Chemist: 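I have a structure here, written as structure tokens, and I will follow up with some questions on it.
Note on naming: letters A, B, ... go to the chains in the order of the sequence lines (proteins, then strands), and numbering restarts at 1 for each one. Model, not experiment: these values are computed from the prediction.
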2 protein chains.
Amino acid sequence: MAKMFKALGDPIRLRLLSLIAAHPDGEVCVCDLTGLFDVAAPTISYHLKHLREAGLVDHDRRGTWVYYRPVRERIHRLSLLLASSDLAVPAP
Amino acid sequence: MAKMFKALGDPIRLRLLSLIAAHPDGEVCVCDLTGLFDVAAPTISYHLKHLREAGLVDHDRRGTWVYYRPVRERIHRLSLLLASSDLAVPAP
DNA sequence: CTCATAGTTAGACAGATGTCAAAATAAAGT
DNA sequence: ACTTTATTTTGACATCTGTCTAACTATGAG
């Protein structure tokens, strides 16, 4: 669980996941992501790998391009943990 | 936002927040926390400071003891971000 | 005032993390 | 086959993190 939160604990990765999850097609080509950040392509690749290893995104290659999509069930589980009465219900 | 996730990205801190948030009294004395972990007291102090600086917990001193409580509004906000349609709604 | 207890801060250190340039791999076009 | 484009891997490096012990601060008891 901590591993997933850790993956979200970097500004670039958090934004990457938002971009991937918000895309209308349900997936995003890496080529459309690299241009949006101030860091070089290998660094984006490094962060995508982190998100992958945390189980928050999935990827597959089609031709020369690689597409990433969110693993919504995993993201949802995080949200539930934070929303659980133990953690987030505002005191009555 | 990433700062809050980062704070949760360590197993000790995640467990600390759970313990603090789950306590029936709504707050926990540090003295009741240190014994529950395998690390020395200063390390717990270090992690509590992290949670504090991320705005996830609040603290105050009463006599010799220091009590921590969750900032549920902040935790809730994280949960909402993950639950927002962009991120976590399972595809229909 | 001194002492004991609870907690934090300071300093040191090994190991993890984020970044880049350069090299490697993958696939498609000529 | 060779080239070009897209992406990942590698190796190097500086910085950040988590941990400890030792020293410090704060409070209450005797």
Chemist: Less than 4.0 angstrom between a side-chain N/O of B:Lys6 and OP1 or OP2 of D:dT17, yes or no?
Modeler: yes
Chemist: Does D:dT8 have OP1 or OP2 under 4.0 Å away from a side-chain N or O of A:Arg61?
Modeler: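 No.
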Chemist: Take B:Trp65 and A:Arg13, find for each the nucleotide of DNA chain C with the closest heavy atom, and name the residue whose nucleotide sits nearer the 5' end.
Modeler: B:Trp65
Chemist: By nearest heavy atom, map A:Tyr46 and A:Thr64 onto DNA chain D; which one lands nearer the 5' end?
Modeler: A:Thr64
Chemist: Side-chain N or O of B:Tyr68 versus OP1/OP2 of C:dA6: is the shortest distance under 4.0 Å?
Modeler: no
Chemist: Can you sort out which residues in residues 31-44 of chain B have a heavy atom within less than 4.0 Å of DNA chain D? Ascending by number, please.
Modeler: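 Residues of residues 31-44 of chain B that come under 4.0 Å of DNA chain D are, in numerical order, B:Val39, B:Ala40, B:Pro42, B:Thr43.
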Chemist: A:His47 side chain N/O closer than 4.0 Å to the phosphate oxygens (OP1, OP2) of C:dT17?
Modeler: no
Chemist: Side-chain N or O of B:His50 less than 4.0 angstrom from OP1 or OP2 on D:dG18?
Modeler: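 B:His50 to D:dG18 OP1/OP2: side-chain N or O found under 4.0 Å.
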Chemist: Rounded to whole Å, how long is the line connecting atom CZ of A:Arg52 with atom P of D:dT8?
Modeler: 6 Å
Chemist: Does the side chain of B:Ser45 get closer than 4.0 angstrom to OP1 or OP2 of C:dT8 through an N or O atom?
Modeler: yes
Chemist: Looking at every strand, decide which applies to A:Arg62 at a 4.0 Å heavy-atom threshold: base, sugar-phosphate, or nothing.
Modeler: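 No contact.
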Chemist: Base, sugar-phosphate, or nothing: which does B:His59 touch, judged by heavy atoms less than 4.0 Å apart?
Modeler: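 If one applies the 4.0 Å heavy-atom cut-off, B:His59 turns out to touch nothing in the nucleic acid.
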